[in-house]
Amino acid sequence: HTFPQEEEDADYQRDITSVGITFSGFDSPACGIRGYEWALGSEPGWSDILPYTGAGIVMRNGSHGHAQVHLPLAHDTLMYASVRAHTGPNCHEDIIHSSSDGSTVDIEPPVLVLRSLALFGADSDSSSNATDSMYADSDDVVALPEFTDADYEDNGDVVEELLRGTRTLYQRQYDSIGLRWNATDATSDVANVTWMAGSLPGVDDWHPETDTIDDQIPLNAISMSPGQTLLFTVQAEDFAGNRITVTSPPLTIDTTPPLIAGLTCSPSYLSRAQSQLACEWETTLDEESPVDRVVIGLGSEQRWDNLVQFYDLKLTERRWSVMIPDWMFDQHNGTNVVSLIAENRVGLQSGAYVEVTLDVTPPEVGEASIVTTERLGEEEGPRVCQRSRATMALRFDGFTDPESDIDSYEVGVGSYEGGADIHQFERVPGTSAVLHPLALVPGQVAYATVKAINRAGLHSAGHKQCVHQP
């Protein structure tokens, strides 16, 4: 038997500086044994590694002994120990010979590669066709792809980065960890594999070191808490006793979507007169995994982008604006929705929404009346003429807008219908106004005009004629 330690029969050894053997059972009752020699060779009975020699042999009794010699050995060297016992003189057999079953020098640990941390989770909260095209892979988010051997050769830098743990990985499931590995040893085969989980590399403060015959962490073998981060350490040992330890990148459980705060858009009502839409928001934040993507668009419903297609924003952007084209007002007038959607590393999404109205119709025209009184206490009523040259009182009502509401009124006086050459248009509160100073000319026809402006910037006008009577 070849042995790296006393009395141990070993098929593999890690020592590259010496070889030891034990032997027993050599006997010749008729002739006796007068001496022993031993050798090492690359085949049974050969002596090409160590020629036959009696050096290093220590006998315990007449048939049981051991031997050891110092010599340099290379990795993956297969050697057979041979012992020959020399019998007494004139014996029918001069030599009794035996060879071991061989032992291989193995000084290299197994190859241990983390094959994947495939991150799978529940369906995202997408409910419309907008995000179907944009987040087609959100149900199965793979953070660490499954590489083939060829991939590892072509992407060595990426693999080394992953094995060094310089990236953090995330997943939604907390009761099943998608960690896989591949352990191989070309020389002495893999004897056993263990895994553990903890807060630091090589620490098992969350799950103790556990033997396994599988190439993955068993289903439901470990449960993590939302927001928790763990590192998984896998160790493989070959039959020669060489070990390798690999620690995964940090793995964080994320079960919550990102937070979007403070989305506002203005104006809330748009028309061809004011077609520039601008939106702002305070932040997109996720405390567990990074926000990977933020998009914004305009559609008929929440998460739709059938008016303005979703636009990928930079993660640092907090503003977005778009000009609404003319055709859109005809085809999509009414209430529409701005959707701001954020997606984190594990594919969880959240959205913030603001309604905006596309308006193509001005307010419905109401009634405007001149109600200038000539003396204190005189009852107000519609006038077709007035004596005052410096003042004109107006009252108006009936202006309505079911789409955008009335935002403001403007009134003016001109020498022609709709004009304001006598008194420029001015914004007034409420539904009445007193305009002054005027400079009406006796006999002059003056026209009072009331503009009702809706929130989309569209307006309609009511007119009233009045003659100055000296």
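Nothing here was measured: the structure is a model prediction, and the numbers come from that model. Starting from 1, each residue takes its place in the sequence as its number.
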Is it true that a side-chain atom of [X] and a backbone atom of [Y] form a donor plus acceptor pair closer than 3.5 Å?
{"X": "Thr233", "Y": "Gly202", "value": "yes"}
{"X": "Asp205", "Y": "Ser199", "value": "yes"}
{"X": "His86", "Y": "Gly35", "value": "no"}
{"X": "Thr87", "Y": "Gly32", "value": "no"}
{"X": "Ser350", "Y": "Pro258", "value": "yes"}
{"X": "Trp38", "Y": "Leu50", "value": "no"}
{"X": "Arg34", "Y": "Cys31", "value": "no"}
{"X": "Asp204", "Y": "His207", "value": "no"}
{"X": "Ser248", "Y": "Phe232", "value": "yes"}
{"X": "Asp286", "Y": "Pro290", "value": "no"}

Do other residues, nucleotides or ligands put more than 12 heavy atoms under 6.0 Å from [X] [atom1]?
{"X": "Glu426", "atom1": "CD", "answer": "yes"}
{"X": "Asn90", "atom1": "CG", "answer": "no"}
{"X": "Glu287", "atom1": "CD", "answer": "no"}
{"X": "Phe425", "atom1": "CZ", "answer": "yes"}

Report the C-alpha separation of Asp106 and Gln13 in whole Å, then their side-chain angles, then the decisive distance to 0.1 Å, and conclude whether the side-chain contact (heavy atoms from CB on, under 4.5 Å) test is met.
CA-CA 6 Å; Asp106 185 0; Gln13 74 169 58; over 6 Å; no

Tyr36 ring centre to Arg84 NZ or CZ under 6.0 Å, with the angle to the axis within 45°?
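Geometry flag: not set, cation outside 6.0 Å or 45°.
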
Could you check whether Lys451 makes a cation-pi contact with Tyr409, meaning its NZ or CZ is under 6.0 Å from the centre of the six-membered ring and within 45° of the ring axis?
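Ring-cation test returns no.
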
Do NZ/NE/NH1/NH2 and the carboxylate oxygens of Asp214 and Arg180 come within less than 4.0 Å?
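Salt bridge between Asp214 and Arg180, a charged N being under 4.0 Å from a carboxylate O: no.
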
In terms of side-chain geometry, is the basic nitrogen of Arg293 or Glu343 positioned less than 4.0 Å from the acidic oxygen of its partner?
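Answer for the salt bridge query: no.
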
The test is side-chain hydrogen bond (donor to acceptor under 3.5 Å, both in side chains); show your working for Asp175 and Ser223 and say whether it passes.
CA-CA 4 Å; Asp175 57 353; Ser223 181; over 6 Å; no

Can you give the donor-acceptor pairs under 3.5 Å from side chains of residues 355-365 to other protein atoms, not counting sequence neighbours?
from: Asp359; atom 1: OD1; to: Thr361; atom 2: N; distance (Å): 3.0
from: Asp359; atom 1: OD1; to: Thr361; atom 2: OG1; distance (Å): 3.2
from: Asp359; atom 1: OD2; to: Ser404; atom 2: OG; distance (Å): 2.4
from: Asp359; atom 1: OD2; to: Asn454; atom 2: ND2; distance (Å): 3.2
from: Thr361; atom 1: OG1; to: Glu403; atom 2: OE1; distance (Å): 3.2
from: Glu364; atom 1: OE1; to: Thr400; atom 2: OG1; distance (Å): 3.2

Residues [X] and [Y]: side-chain donor-acceptor under 3.5 angstrom:
{"X": "Asp11", "Y": "Ser103", "value": "no"}
{"X": "Asn344", "Y": "Asp254", "value": "yes"}
{"X": "Asp211", "Y": "Thr194", "value": "no"}
{"X": "Ser339", "Y": "Arg303", "value": "no"}

Quick one, Glu288 with Ile253, criterion side-chain contact (heavy atoms from CB on, under 4.5 Å). Give me CA distance, side-chain angles, the key distance, then yes/no.
CA-CA 7 Å; Glu288 294 172 344; Ile253 300 299; over 6 Å; no

side-chain contact (heavy atoms from CB on, under 4.5 Å) evaluation trace for Arg455 with Ser268:
CA-CA 8 Å; Arg455 293 170 123 187; Ser268 299; over 6 Å; no

